[in-house]
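Chain A is the first sequence line, chain B the second, and so forth, proteins listed ahead of strands; every chain is numbered from 1.
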Protein chains: 2
Amino acid sequence: MRVLLVEDDEMLGDAVKTHVHRQGHAVDWAQSRDDAEASLEAVAYDLVLLDLRLPDGSGLDILKSLRDRRDETPVIIMTAHDQVSDRIAGLNAGADDYLVKPVDLGELQARIHAVSRRYGTHTLPALVINGISVYPSERRIVAGDGAEILLSSREWAVLDRLVARKRAIISKAQIEEALYAFGAEVESNTVEVYVSRLRRKLGKEAIETVRGVGYRISTDAA
Amino acid sequence: MRVLLVEDDEMLGDAVKTHVHRQGHAVDWAQSRDDAEASLEAVAYDLVLLDLRLPDGSGLDILKSLRDRRDETPVIIMTAHDQVSDRIAGLNAGADDYLVKPVDLGELQARIHAVSRRYGTHTLPALVINGISVYPSERRIVAGDGAEILLSSREWAVLDRLVARKRAIISKAQIEEALYAFGAEVESNTVEVYVSRLRRKLGKEAIETVRGVGYRISTDAA
DNA sequence: GAAACGTCTTCAGGTGGCTGTCAGCTTGGT
DNA sequence: ACCAAGCTGACAGCCACCTGAAGACGTTTC
C-alpha cells in the first residue's frame, strides 16, 4: 500500500514511518498542511494517517476538503489528547478510525489492517523474500528499507505464477502459458531472461532453478 | 507435503493430524482463525484442510483472503453438517474440494490424493527408505526432517527402476536399458557410478548389492 | 513531429551442473 | 593370497541455463 503520513512531530513521525515501512508499505511523510495537500493532489494513496494538530492549520480541514472532493481514501486520525470532541468531529468529517496519542505501534498496525480489510486493499504481502515484500495484484515490490521497486508487466506475470503456489516447482512451459494467452507463441528463452531480471531486483537467491524441471521461489530465504 | 490443518475440535483434529502425518506429510495444526492466518503468513503450504466453523470467525474468510491474495494453494473444506449452502459458498470462494463431517479418514486420504494429483504433486510416497520418502514421477526425495533433496534426471531414472519393483533384484542390464532408450550404448560402469551417487544421498544401506546379479532396495531400513 | 524513454523479444557468448569415462581402491568368495 | 566384482574420486565434454546487448515497437515529453 501507499500511505501518506501527516505529522509535524519529528520523533513520532519518524517512529511511525519506520514502523509502517516495516510492514511493507510505501510511506510519504508530510510535515505540514500544505505539504499534505500537495501530496494528496499529486498521488493516489491507499491510506492517510492524519494528525489533527498541525502548525499551519487544522488537519481536520485536510480531511474535509478530501471528502468534499468525494475522495474516499481511508483516513485514520491521530488525536493529540483523548479529546472526545476531536474524535467526534473527525469521525463526522469522514474519518474511518482514530488513534489516541501516545500512539501504540501495535495498535496502529491492527487498525491499519482493519481499515484496509474493509476497503479490500492488501496490507499483508503474499510473500517476503530477502526482506522484500511482494504484493498480490500489484506491479510493485517493497524492499526492507521501504524503497519501492517497480516491475514491468511481464516481470510481474512471471513472479505471479511463481508466488501463486509457493512450494511448487513451476515449469517454463507453465510460465509461458500464463504470459501468452494462447496462440502467441514465443520461440526463445524469454522466460529465462525474465527470471534473470527478477533475480536482479529480488536478489539472486530469491528464485531457485531446478535443472530440467523449472523454477521455484526459495522458501528458506530470510 | 506440508499441510495446514485448521480445526478447533480437539478429537477430530488429533485424529486427522495423526492420519495425515502417517501418510508422510508434515502437519501444522491451527485451532483458531488467528492461528491459521498467522501460519499462512509465515509458512508456505502445499495444502490446507479447512473447517468452516471456528470459534473466532468463519473459516470461509480465511479462504477468501487467501484467494484475494492470489494464493492458489489447494484447499479442502470440512463442513460441520451437510449444509449445501456452506459447500456452495466454499467452492465459489475457491476451494478445491470438500468433505462432510463426520470425516471418514479413508475418504480424506482419497481426496487429498485427488486434489494433489490435479496439481501435479504426489502425496503417496512410493517408498520410504531410512525415513526418506521417495515419490513417483518426481525428481525429488524428502528426508525425515522435511529437508528436500533434489535428484538429477539420471539419478532419478536409476532409483525409479529399483523402486518400481521393490522386493525384486534388478540387474545392471535392466537399469541400463531404462537409461538409454535403445541404441545409445554405454560401455562403462555407469550404473555403478549412479548407484554410488544415490547411496551418497539416500544413505549407504538404502541400496543393497547382490553380487553377480544386480541391486535391490533395502526393505528393512527403518 | 522529433527525441527520449521504457518494454519486449531475440541472439550470442559465458558459466556451471550433469554425465560418462577411467583408474585405482575395496570387498567378497575360494 | 588371489581373483573377480564392485566402489568411488577425478576429470573432460556437453548442454541447460544465465545475462549483457541490441533492435523493434509503443508511449511520453517537449
Side-chain angles (χ1 to χ4, degrees), chain A residues 42-43 138-141 148-162 169-218, chain B residues 138-141 148-162 169-218:
Chain A
V43 182
E138 286 182 41
R139 297 229 312 249
R140 133 189 114 70
I141 56 185
E148 248 184 301
I149 306 170
L150 294 172
L151 299 178
S152 81
S153 91
R154 288 285 193 267
E155 283 168 357
W156 187 80
V158 171
L159 184 58
D160 178 61
R161 280 305 82 202
L162 292 172
I169 299 172
I170 315 291
S171 72
K172 287 190 212 176
Q174 280 177 285
I175 297 176
E176 268 177 14
E177 209 170 302
L179 290 191
Y180 312 101
F182 192 70
E185 297 301 315
V186 170
E187 31 190 294
S188 76
N189 60 343
T190 315
V191 172
E192 289 171 19
V193 171
Y194 280 107
V195 168
S196 169
R197 288 189 188 153
L198 278 174
R199 287 210 254 242
R200 194 184 304 166
K201 293 186 175 180
L202 292 168
K204 252 197 180 311
E205 334 72 45
I207 300 172
E208 182 189 351
T209 301
V210 182
R211 281 207 145 219
V213 184
Y215 297 96
R216 158 170 75 172
I217 292 286
S218 295
Chain B
E138 283 184 40
R139 292 197 194 136
R140 132 188 113 81
I141 56 184
E148 260 188 327
I149 306 170
L150 292 170
L151 299 180
S152 81
S153 91
R154 286 290 195 264
E155 283 167 358
W156 168 253
V158 171
L159 183 58
D160 182 56
R161 279 304 82 200
L162 291 171
I169 301 172
I170 315 291
S171 73
K172 289 190 208 174
Q174 280 177 285
I175 297 176
E176 267 177 17
E177 210 170 303
L179 288 192
Y180 310 102
F182 191 70
E185 296 302 315
V186 172
E187 30 190 293
S188 76
N189 61 342
T190 317
V191 173
E192 288 172 16
V193 171
Y194 278 106
V195 168
S196 168
R197 285 176 187 162
L198 276 174
R199 288 210 254 242
R200 194 182 303 166
K201 293 188 174 179
L202 292 168
K204 256 201 178 308
E205 333 73 46
I207 300 172
E208 183 187 346
T209 301
V210 183
R211 275 199 147 228
V213 184
Y215 298 96
R216 122 175 108 180
I217 293 285
S218 300

Answer yes or no: does a side-chain N or O of Lys204(A) lie under 4.0 Å from OP1 or OP2 of dT19(D)?
yes

Working to the nearest 0.5 angstrom, can you tell me the gap between Ile149(B) CD1 and Lys201(B) NZ?
8.0 Å

For Arg216(A), is there an ion pair with Glu148(B) - N to carboxylate O distance below 4.0 angstrom?
yes

Closest to side chain of Lys172(A), choosing from dT9(C), dC17(D), dA5(D)
dC17(D)

Side-chain N or O of Thr190(B) closer than 4.0 Å to phosphate OP1/OP2 of dT19(C)
no

Does a side-chain N or O of Arg211(A) approach OP1 or OP2 of dC15(D) to a distance below 4.0 Å, or not?
no

Between Ser152(B) and dT19(C), is there a side-chain N or O to OP1/OP2 distance below 4.0 Å?
yes

Counting side-chain heavy atoms from C-beta on, which of dT21(C), dC8(C), dT19(D) comes nearest to Glu192(A)?
dT19(D)

Out of dG20(D), dC7(D), dA12(C), which nucleotide sits closest to the side chain of Asn189(B)?
dC7(D)

Lys/Arg-Asp/Glu bridge criterion (N-O < 4.0 Å) met for Arg199(A), Glu205(A)
no

Do the side chain of Arg197(A) and the base of dT9(C) come within less than 3.5 angstrom through a donor-acceptor pair of N or O atoms?
yes

When you measure from the side-chain N and O atoms of Tyr194(B) to the phosphate of dG20(C), is any distance below 4.0 Å, counting only OP1 and OP2?
yes

What nucleic acid atoms does Val193(B) come within less than 4.0 Å of, heavy atoms only: base, sugar-phosphate, or nothing?
base

At under 4.0 Å, does any side-chain N or O of Thr209(A) touch on OP1 or OP2 of dC18(D)?
yes

Which residues pass the side-chain contact (heavy atoms from CB on, under 4.5 Å) test with Val193(B), sequence neighbours left out?
Asn189(B), Arg197(B)

It should be established whether Arg154(A) places a side-chain nitrogen or oxygen under 4.0 Å from OP1 or OP2 of nucleotide dT7(C).
no

Counting side-chain heavy atoms from C-beta on, which of dT21(C), dG28(C), dT9(C) comes nearest to Ser188(B)?
dT21(C)

